[in-house]
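A short worksheet on the structure shown next.
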Amino acid sequence: MAKIIGKSLKNIPWQERPSGSTDVVWRDTNNPIIGWNPIKNVARMFNSAVVPFNGSFAGVFRGDTKNGKPHLYVGFSSDGLKWDIDETPIVWRDEKGELYQPSYAYDPRVIEIDGIFYIVWCTEFYGASLGFGMTKDFKTFTRLENLCIPFNRNGVLFPRKVNDKYLLLSRPSDSGHTPFGDIFMSKSYDLKYWGEHRHVMAKGGSGWWQATKIGGGPAPIETDEGWLLIYHGVSGTCNGFVYSFGAALLDKNEPSKVLYRTKNYLLTPEKEYETVGFVPNVAFPCATLHDSDTGKIAIYYGAADTYVAVAYTTVELLIGEMKENCELVSGDELLGN
Ligand code: BMA
């Protein structure tokens, strides 16, 4: 039986799979957990990241303000479902203490490495690129060097070094709503200088749900069988893009190698809060909470670029599904080249 390697999280938000259901991933029945106009000046909160913090939970939220621009907000919760979110965007200072605010910021991921919470987001740097910063207490936030040159999005760090190096997944792109994109990996000794770039996963396959582009979602979860990556896959329709999500298992020691990958999506927009909103038909995962004792996983995803929603699965169900209905995509087999 597959096991999560990591901390236990007894207070993980959780609902059992509905009786009679054979779904690998099921939604919280109280979704969405954050709705329209959640705080002053913010119209929509979605594509946000949460982590266990001091016995409860903290999060970095994407808030699209009432002038349409997105910024990052910090929030706290005792149960992971009801959130108290600051009304002022996060203030970033550089390592010398000078203000260093991004002109816009979206799709944050928060990754704890050795007690420090690193935040990766999509920032303005001559086009969309990867902003980077850290906090220890979710009160003061230090902005670090941008992780790469333009254009790039969906930056995700692994939660520990592998073979002495930090690992970053990213999705190189162009300046707009990219009509292409595969997931790549870069390595670093210090989180500042990045190299040894590798291709990880290609879009496409026999199905259409991930035919247009893919992008890393929550920070990979370490398991005894490899790194579990939940990622989004995009399908192009005559009415625009549709964002669903699937999962892959990456090699423990060389995570640019894909071992298994879900042939079918795990969740696609079906509920009204996923199909109707500012951008219809989007399910965009950015974080998980997980419990190593039970294998429970809570997936936080943005819905319709409007809401925050939660869905549940277990490590056993997810890896089981990947093995039973696996399809590697042409390009994955280049194995790190
Ligand atoms: C992507 C990103 C996401 C967004 C998605 C759907 O390109 O901008 O923030 O959720 O489009 O609009």
Side-chain angles (χ1 to χ4, degrees), residues 31-36 38 42-50 59-65 67-73 89 102-110 119-125 127-131 147-148 150-156 169-184 203 209-218 230-246 265 267-287 299-311:
N31 275 344
I33 62 163
I34 300 181
W36 275 98
V42 170
R44 301 171 302 274
M45 258 173 186
F46 55 101
N47 300 4
S48 299
V50 305
V60 174
F61 293 83
R62 167 182 176 161
D64 284 19
T65 56
N67 73 8
K69 259 193 172 180
H71 296 289
L72 301 182
Y73 295 80
S103 73
Y104 63 73
Y106 62 82
D107 298 358
R109 273 55 165 204
V110 181
I119 299 148
V120 184
W121 71 91
C122 179
T123 209
E124 159 60 22
F125 177 57
S129 188
L130 296 179
L147 289 168
C148 57
F151 303 99
N152 209 316
R153 282 187 278 192
N154 300 305
V156 188
L169 296 175
S170 73
R171 210 280 305 286
S173 60
D174 63 19
S175 58
H177 278 256
T178 320
F180 63 87
D182 288 359
I183 299 175
F184 287 77
K203 70 188 172 78
W209 70 272
Q210 53 181 342
T212 302
K213 54 181 171 173
I214 56 174
I230 295 170
Y231 67 95
H232 68 256
V234 182
S235 164
T237 74
C238 60
N239 263 341
F241 293 145
V242 175
Y243 284 69
S244 310
F245 58 84
Y265 59 73
L267 185 145
T268 199
E270 288 173 19
K271 297 284 180 190
E272 196 169 301
Y273 55 85
E274 297 161 342
T275 56
V276 179
F278 187 68
V279 180
N281 301 318
V282 182
F284 194 97
C286 285
I299 304 167
Y300 285 72
Y301 64 103
D305 285 12
T306 306
Y307 307 104
V308 176
V310 183

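No experiment lies behind these values; they were computed from the predicted model shown. Counting starts at 1 for both ligands and their atoms, in listed order.
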- Mind checking what residues have non-hydrogen atoms under 4.0 angstrom from ligand 1? N47, R62, Y106, D107, R153, H177, Y243, V279, V282, F284, D305
- Message: According to side chain to side chain donor-acceptor pair (under 3.5 Å), who are the partners of E124, at least two apart in sequence or on a separate chain?
- Response: Y104
- Apply side chain to side chain donor-acceptor pair (under 3.5 Å) to D182 and list each qualifying residue two or more places apart in sequence or on a separate chain. H199
- Over 12 foreign heavy atoms within 6.0 Å of CZ, F151: yes
- Backbone N/O of P280 and side chain of T275: donor-acceptor pair under 3.5 Å: no
- Task: Using the six-membered ring wherever Trp is involved, compare the ring planes of Y273 and Y307 and label them parallel, tilted or perpendicular (cut-offs 30° and 60°).
- Result: perpendicular
- Query: For Y231, what residues pass the ring-ring contact (aromatic ring centres under 6.0 Å, His included) criterion, not counting sequence neighbours?
  - Reply: W209
